[in-house]
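Throughout, residue positions are numbered sequentially from 1 according to the sequence presented.
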Amino acid sequence: MDIIKTIEEKQKKPGAENFQVGDTVKVYFEIIEGKTKRVQIFEGLVLCIKNSGIRKTFTVRKESYGVGVERVFPINSPRIIKVEIVRMGKVRRAKIYYVRDKVGKAAKIKESIGPKANARLAASRAAAAEAERYSLAQRAASKNEEAKK
């Protein structure tokens, strides 16, 4: 079991968990189409965070042309470049699935404001910048390995 834990620790991203349930986030993730790579942004509300360790995932929901779209992202995925907080939500539950049934103004989450919220937002932005630097370094290392082959 120790071997598995050491491998998992190597794959963890530093500063990846800089958001909470109820936050509106922008997830920058890499899409590979053939030989081309591009970054796509998925902006929405974090409904839940599940599991633990390297297997931790989070679900983001957005409304697109009147249709609710949900996507599950692994937190430590190498394809996720960064997660940026747009608004910090104030919720009292661990999973806010009830938002799926709400329409219009009722689907809104109260925004968390004040000095504590500002400090958390600054810390999350610093962690997102660190995660982005880490992912860029990982990509550069993988390119170097491909060039050697």
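For the pair Val27/Phe58, a side-chain contact is recorded, criterion being any heavy-atom separation below 4.5 Å from C-beta on. Val60 is not listed as a side-chain neighbour of Leu47, based on a closest heavy-atom distance of 4.5 Å or more. Here the side chains of Lys50 and Thr57 are in contact, with some heavy-atom distance below 4.5 Å. No side-chain heavy atom of Thr59 sits under 4.5 Å from any side-chain heavy atom of Val46. No side-chain heavy atom of Val83 sits under 4.5 Å from any side-chain heavy atom of Tyr28. Put simply, the side chain of Gln40 reaches to within 4.5 Å of the side chain of Phe29, judged on heavy atoms. Within the 4.5 Å cutoff, side-chain heavy atoms of Glu17 are placed close to those of Ile75.
Across every non-hydrogen atom of Ile32 and Gly34, the tightest pair is CG2-O, 3.6 Å. Between Arg55 and Asn51, the shortest heavy-atom contact is O-ND2, 3.3 Å. Closest non-hydrogen pair, Val86 versus Lys26, comes out as CG2-CG, 3.7 Å.
Taking the six-membered ring for Trp and thresholds of 30 and 60 degrees, Phe42 and Phe73 have ring planes more than 60 degrees apart, a perpendicular arrangement.
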Query raised in the report: Yes or no on side chain to side chain contact (heavy atoms under 4.5 Å, CB included) for Val25 and Leu45, after CA distance, side-chain angles and deciding distance?
Result: CA-CA 6 Å; Val25 296; Leu45 181 69; over 6 Å; no

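Checking side-chain atoms of Asn18 against main-chain N and O of Ser124 turns up a donor-acceptor pair under 3.5 Å. Thr6 places a side-chain N or O within 3.5 Å of a backbone atom of Ile3 that can act as its donor or acceptor partner.
Put simply, the residue from Glu43, Lys62, Met88, Glu84 that forms a side-chain contact (heavy atoms from CB on, under 4.5 Å) with Thr24 is Glu43.
Between Lys90 and Asp23, no side-chain nitrogen of the basic residue sits less than 4.0 Å from a carboxylate oxygen of the acidic one, so the salt-bridge criterion is not met. Ion pairing between Glu9 and Lys12 holds under the 4.0 Å rule for side-chain N and carboxylate O. Salt bridge present: Glu63 and Arg61 bring a charged side-chain N and a carboxylate O closer than 4.0 Å.
Note that the CD atom of Glu30 and the CZ atom of Arg79 stand 7.0 Å from one another [nearest 0.5 Å]. Annotation: the span from Ser77 atom OG to Gln11 atom CD amounts to 10.5 Å, rounded to 0.5 Å. Here the straight-line distance linking atom CZ of Arg133 with atom CD1 of Ile81 works out to 14.5 Å at 0.5 Å rounding.
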Sequence neighbours excluded and cut-off under 3.5 Å, please list the side-chain donor-acceptor pairs for residues 98-114, or say none.
{"from": "Arg100", "atom 1": "NE", "to": "Glu70", "atom 2": "OE2", "distance (Å)": "2.7"}
{"from": "Arg100", "atom 1": "NH2", "to": "Glu70", "atom 2": "OE1", "distance (Å)": "3.0"}

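More than 12 heavy-atom neighbours from other residues, nucleotides or ligands sit within 6.0 angstrom of CZ on Arg38.
Each of Ile54 and Ile80 belongs to its own hydrophobic cluster when Ile, Leu, Val, Met, Phe, Trp and Tyr are linked at side-chain heavy-atom distances under 4.5 angstrom.
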